[in-house]
There are 2 protein chains.
Amino acid sequence: MAGMTIKDIAKKCHVGVSTVSRAMNNHPDINPETKEKILKAIEEANYVPNNSARNLKRNDAKAIAVLVKGIGNTFFSELVGILERECEKKGYSCILQYVDEQEDEWDVAIRVGKEKRLRGLVFLGGSFSQSQEKISQMEIPCVLSTICTVGMPGASLASVSVDDFKESYKMTEYLIGLGHKKIAFITAPKNDVSIGKLRLMGYRTALEQYQIPYREELVCYMDEKRDTYSYQSGYRLMQELLKRETFTAVYATADTLAIGACRALKEAGISVPEECSVAGFDGMDAGRFYIPSLTTIRQPVEEIGKATAGLLFDLIKGKEKPRQLIYEGELIQRESTARCKQ
Amino acid sequence: MAGMTIKDIAKKCHVGVSTVSRAMNNHPDINPETKEKILKAIEEANYVPNNSARNLKRNDAKAIAVLVKGIGNTFFSELVGILERECEKKGYSCILQYVDEQEDEWDVAIRVGKEKRLRGLVFLGGSFSQSQEKISQMEIPCVLSTICTVGMPGASLASVSVDDFKESYKMTEYLIGLGHKKIAFITAPKNDVSIGKLRLMGYRTALEQYQIPYREELVCYMDEKRDTYSYQSGYRLMQELLKRETFTAVYATADTLAIGACRALKEAGISVPEECSVAGFDGMDAGRFYIPSLTTIRQPVEEIGKATAGLLFDLIKGKEKPRQLIYEGELIQRESTARCKQ
DNA sequence: TTGTACGCGTTATCAG
DNA sequence: CTGATAACGCGTACAA
């Protein structure tokens, strides 16, 4: 039967609708026998309650949502898994929401928050060049994961992340320590104001600290329209770079970009790491299994995930004010980097 | 302001609720001036209509959903993008729904279908060892993408895919053609009844066709509990295989598995393809950029995506009965396979 | 062109 | 323990 409702079940069992509702929602005030009977009838009739109606009426959802921008970013998959587990521990249900690339994640957040009556929200990815105005519309607690907002517009938001500036500095310093002076840099689009900007600053500052002049020509930005954090983009950008510059190392701000770059180098007949070192950022599995395995900054996903959940739940309980939590990244030295031979 | 409703807007503008509703939903019967005024007020007040209430009321959603099982399966990302574009062309909205690994995709489908009043449904991933009973509960048209149901329980479902048996046969035949006789096989869990089974059959049949005895010891199944289609699993399974067998080629039923296997071979000091050929399945980007780049069967994602959307829309219009569409895969020969030297 | 009133399927309240 | 009934926020006949 097509459109079955709670009423049909009630009729079928010769009880009132509220009794059916009680049976479905594990309410205490119900005769176990009636409950049994109703549940069985529901099973038989293949009745599935309408979620829209439930959400409309319910005032206590005990659910949070995770908003992910950037489908196919495998780095988030693990994080999502951890968040789901943490929610389960606390008895919260966790809704996964993907945000289209062209959608505004903040609009989606507000819409979904109301629709599902959420208690809290986690953001994964997104650019976050947000106006203060939109941010203040957010009525429920939310935490930015993997995104650091220190010193950004809208810095009042809670966040859990690594210090992108510092980690980027660390990687650059490591490459300099290997004797590299001409270090190419592949990164986010030029107009990026969050992660991309911070990592660029880290790179630049490290160079200057070690008296290596910063050269804009060695920096290759993603094209805002054509590129994403994909292998393909890393490959393309590396090819561009190869046409116009010489260098002994490449540092890409994502493992995917670094892998694409490795492939371009290989096809140009340049061996990694003998003739050119390559470093990434994130610590994804793909880098670990690549040949050569990729030197990278590993973000402590496990810790970040748990801290994100912890902070969010504290915010929900009112035990905390929005804070920025910073975790330490780990430089993992693998096969793709080596001492500069020149 | 917290819980704003359509009434508040109506009051604010000194109009009735229906007028506000008309303004929001682009109804024709409304004075452009009033519409303008209302839209402006909505903007100012940051009012966002409640989606649950809308879904509850609306009978004509003109939306479909794509259910994806297996987050982090990058193979699906591209497919999803194509489906979204096709929907847009037809004026449909497309809802992306991820299904937890332990959830039953069919239950989710039924629930979401009712909640959102969907017109149709696309399934990506999932095992589909479904009882006929559950299938018959599905009231709206649905298409399985990338999953072939021919000869399976519940074969009445519409699907668009490659012929997994045939493609698997093709790859095995190719390896045999290179002179390989000891071909290890890394695949889905032993109890898999859909894709895993078909690909295994293809492998086995090809061997027998060429008078090479099928040896169970050369087949390495994923552990249902520990493994997924991940690099890590490919790596682990290859290590197991290395301990107990010798072979000159490995064929893994997913590119991710193949990449993990390459890494394990590398660490065992075995060079690919000189000492051992490796082949994958799917045609993912990761394989294209890997070193050595991966020989694989490319699934025609673009065609499959478009055909999936096309078939679904035809089904919705009642122009079609559920059919199984088969597309041809393409064997892409790359660096990871070579002639057997023994 | 606009406003009133009802109903969508569910849950919560309250009286039995 | 159970049943009637009032919300929840919105869309839409229907009347004005």
Side-chain angles (χ1 to χ4, degrees), chain A residues 1-39 41-42 45-63 110-118 139, chain B residues 1-39 41-42 45-63 110-118 139:
Chain A
M1 174 178 165
M4 215 170 348
T5 77
I6 197 171
K7 282 179 193 162
D8 299 313
I9 301 295
K11 230 172 272 169
K12 203 177 137 178
C13 298
H14 310 290
V15 297
V17 286
S18 30
T19 309
V20 178
S21 178
R22 277 192 279 265
M24 292 193 298
N25 299 294
N26 287 319
H27 277 253
D29 292 356
I30 186 170
N31 184 322
E33 285 173 36
T34 13
K35 181 171 176 178
E36 191 67 29
K37 183 179 68 180
I38 292 170
L39 257 25
I42 287 178
N46 293 127
Y47 160 69
V48 180
N50 181 315
N51 244 323
S52 293
R54 294 186 120 163
N55 289 329
L56 187 59
K57 188 59 197 163
R58 260 207 257 269
N59 27 19
D60 159 275
K62 208 169 184 192
I110 294 168
R111 180 161 47 72
V112 177
K114 291 200 178 180
E115 176 179 340
K116 311 263 190 195
R117 293 249 152 77
L118 300 173
E139 295 151 7
Chain B
M1 176 176 162
M4 214 168 353
T5 79
I6 197 172
K7 281 183 193 163
D8 299 311
I9 301 294
K11 229 172 274 172
K12 206 178 132 176
C13 298
H14 309 291
V15 297
V17 286
S18 40
T19 310
V20 178
S21 177
R22 277 192 279 265
M24 293 193 298
N25 299 297
N26 288 320
H27 274 255
D29 291 356
I30 186 171
N31 185 321
E33 285 173 37
T34 7
K35 182 173 177 180
E36 190 68 28
K37 183 178 69 178
I38 292 170
L39 256 26
I42 287 178
N46 293 126
Y47 162 67
V48 179
N50 182 315
N51 243 324
S52 295
R54 295 186 121 167
N55 289 329
L56 189 57
K57 211 29 216 175
R58 259 205 260 270
N59 29 16
D60 154 274
K62 210 170 183 192
I110 295 169
R111 181 160 46 73
V112 176
K114 292 202 177 181
E115 175 179 341
K116 312 263 190 196
R117 292 251 152 75
L118 299 173
E139 296 152 7

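Keep in mind that what you see is a predicted model, and the values were worked out from it rather than measured. Just so it is clear: chains get the letters A, B, ... in the order the sequence lines come, proteins before strands, and each one is counted from 1.
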Atom-to-atom span, [atom1] of [X] to [atom2] of [N] - whole angstrom:
| X | N | atom1 | atom2 | answer |
| --- | --- | --- | --- | --- |
| A:Glu33 | D:dC1 | CD | P | 11 Å |
| B:Asp8 | D:dG9 | CG | P | 9 Å |
| A:Lys7 | D:dG3 | NZ | P | 16 Å |
| A:Leu56 | C:dT11 | CG | P | 11 Å |
| A:Met24 | C:dA12 | CE | P | 10 Å |
| A:Lys11 | D:dT2 | NZ | P | 20 Å |
| A:Met4 | C:dC8 | CE | P | 16 Å |
| B:Arg111 | C:dG9 | CZ | C1' | 16 Å |

Checklist line | With B:Lys11 via side-chain contact (heavy atoms from CB on, under 4.5 Å) - residues at least two apart | finding: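 Listed in chain order: nothing, the list is empty.
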Item checked: Under the side-chain contact (heavy atoms from CB on, under 4.5 Å) test, residues paired with A:Lys35 that sit two or more places apart ->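 side-chain contact (heavy atoms from CB on, under 4.5 Å) list for A:Lys35, sorted by chain: A:Ala23, A:Asn26, A:Ile30, A:Leu39.
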Next item on the list: Return the set of residues passing side-chain hydrogen bond (donor to acceptor under 3.5 Å, both in side chains) with B:Asn31 (not counting sequence neighbours), or none when no residue passes.
Entry: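 With sequence neighbours excluded, B:Asn31 shows a side-chain hydrogen bond (donor to acceptor under 3.5 Å, both in side chains) to no residue whatsoever.
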Next item on the list: Just jot down the side-chain hydrogen bond (donor to acceptor under 3.5 Å, both in side chains) partners of A:Ser18, sequence neighbours excluded, or say none.
Entry: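 With neighbours one apart ignored, the set is empty.
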Is the phosphate of [N] approached by [X] (side-chain N or O, under 4.0 Å from OP1 or OP2)?
| X | N | answer |
| --- | --- | --- |
| B:Asn25 | D:dG11 | yes |
| A:His27 | C:dA12 | yes |
| B:Arg54 | D:dG9 | no |
| A:Tyr47 | C:dT10 | yes |

Margin query: Based on the rotation axes of five pairs at each end, what angle does the helix from C:dT1-D:dA16 to C:dG16-D:dC1 bend through, to 10°?
Written below: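 About 40° separates the two local helix axes.
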Checklist line | A:Val15 vs A:Arg22, side chain to side chain contact (heavy atoms under 4.5 Å, CB included): CA-CA, chis, key distance, verdict | finding: CA-CA 11 Å; A:Val15 297; A:Arg22 277 192 279 265; over 6 Å; no
Check: Quick one: which of C:dT11, C:dT10, D:dC10 gets closest to the side chain of B:Thr5?
Finding: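 Nucleotide nearest to B:Thr5's side chain: D:dC10.
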Approximate separation, where rounding is to 0.5 Å, of [X] [atom1] and [Y] [atom2]:
| X | Y | atom1 | atom2 | result |
| --- | --- | --- | --- | --- |
| A:Ile9 | A:Met24 | CD1 | CE | 8.5 Å |
| A:Tyr47 | A:Lys12 | OH | NZ | 12.5 Å |
| A:Thr19 | A:Asp29 | OG1 | CG | 11.0 Å |
| B:Ser52 | A:Asn50 | OG | CG | 9.0 Å |

Next item on the list: Sugar-phosphate atoms are those with a prime plus P, OP1 and OP2; base atoms are the rest. Using that split, label each nucleotide of nucleotides 1-6 of chain C B, S or - for protein heavy atoms under 4.0 Å, 5' to 3'.
Entry: SBBBB-
Notebook entry, point to check: Just checking A:Asn51: base, sugar-phosphate only, or nothing, at a heavy-atom cut-off of under 4.0 Å?
Noted result: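 No contact.
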